[in-house]
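Values reported hereafter were calculated over all heavy atoms of this structure, with side chains retained and with hydrogens, waters and symmetry mates removed.
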Amino acid sequence: MPSIGAKLLGVFLYMIPWADCLIFGNHLYIKYPITQIIQIPAIPIILIERSIPFGNLLLFLAIFIGLVRNSKASYFLRFNALQSLLINICIIIVGFIFEIFLSPFGNSLIIRTFSSTLLISLFFMITYCVWSCTQGNEPNLPGISQATKMQL
């Protein structure tokens, strides 16, 4: 059973992909200002990433080298660190695809619908991961969890 500190660090690790997926909700924050409340848990990560030059890269490397490749760290922490980094990489790739292929359509209904659906899906996925961490379990996400276990 992981310690309370390990559980809290596991929860904190999942705020990294959450901070990167918030951009998909820009039009929701304008139309429905109450939805801005979902940004609050990501504020520490956003501050770290923006206050340090190359903050995204340095945070990624620190977690990858400091936790994932550290054999002294518990398996629970290593698993959650790598899984959150893989989710973050997927979000970055989807963001690039979204920007390259769908940005010519502007702010059309289909773009707003796709980005809202993506944000809500990621919200539930990260909420599930956070809940599993607080319970001391490894979140089981199809595909991502298998890739994580293969790397560890």
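L57 and F96 end up in different hydrophobic clusters when Ile, Leu, Val, Met, Phe, Trp and Tyr side chains are linked at under 4.5 Å. In the hydrophobic clustering of this structure, I4 does not group with L77; members are Ile, Leu, Val, Met, Phe, Trp, Tyr whose side-chain heavy atoms approach within less than 4.5 Å, directly or through other members. I111 and Y32 fall within a single hydrophobic cluster, where Ile, Leu, Val, Met, Phe, Trp and Tyr side chains are chained together by heavy-atom contacts under 4.5 Å. At a threshold of 4.5 Å between side-chain heavy atoms, the hydrophobic network of Ile, Leu, Val, Met, Phe, Trp and Tyr places I100 and I110 in one connected group. Both I37 and I126 are part of a single hydrophobic cluster, where members link through side-chain heavy atoms under 4.5 Å apart.
To the nearest 0.5 Å, atoms OG1 (T148) and CD1 (I144) are separated by 7.0 Å. Note that CZ of R69 is 12.5 Å distant from CG of L61, once rounded to the nearest 0.5 Å. Rounded to the nearest 0.5 Å, atoms CG (L8) and OG1 (T134) are 9.5 Å apart. Once rounded to the nearest 0.5 Å, the distance linking CD1 of I120 with OG1 of T127 reads 11.5 Å. The line from CD1 of I63 to CZ of F12 is 7.0 Å long, rounded to the nearest 0.5 Å.
By the side chain to side chain contact (heavy atoms under 4.5 Å, CB included) test, S3 is found to be paired with A6, residues two or more places apart in sequence or in another chain being considered. Residues that satisfy the side chain to side chain contact (heavy atoms under 4.5 Å, CB included) test with S71, not counting sequence neighbours, are absent from this structure.
Of all heavy-atom pairs spanning K7 and C133, the tightest one is CG-O, 3.3 Å. Minimum interatomic distance between E138 and K149 (heavy atoms only, all atoms of both residues): OE1-CE, 4.0 Å.
Applying the ring pair (Phe, Tyr, Trp, His ring centres under 6.0 Å) rule to pairs touching residues 107-134 yields W18-F123, F98-F114, sequence neighbours excluded. The side-chain hydrogen bond (donor to acceptor under 3.5 Å, both in side chains) analysis of residues 89-101, with sequence neighbours excluded, yields no pairs.
Annotation: side chain of P17 is not in contact with side chain of L122 (no heavy-atom distance under 4.5 Å).
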Note to self: If you apply the rule side-chain contact (heavy atoms from CB on, under 4.5 Å), what do you find for L22 with Y29, and how did you get there?
What the structure shows: CA-CA 10 Å; L22 289 175; Y29 309 139; 3.3 Å; yes

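Residue R112 places its CZ atom among more than 12 non-hydrogen atoms of other residues, nucleotides or ligands, all under 6.0 Å distant.
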For residues 38-49, which side-chain donor-acceptor pairs fall under 3.5 Å, sequence neighbours excluded?
none

Pair up each side-chain donor or acceptor in residues 78-95 with any protein partner under 3.5 Å, not counting sequence neighbours, and list the distances.
from	atom 1	to	atom 2	distance (Å)
R78	NE	V68	O	3.1
N80	OD1	Y14	OH	2.9
N80	ND2	F76	O	2.9
Q83	OE1	S145	OG	2.9
Q83	NE2	Y14	OH	3.2
Q83	NE2	P139	O	3.4
S84	OG	L13	O	3.4
S84	OG	N80	O	3.3
S84	OG	A81	O	2.9
N88	ND2	D20	OD2	3.2

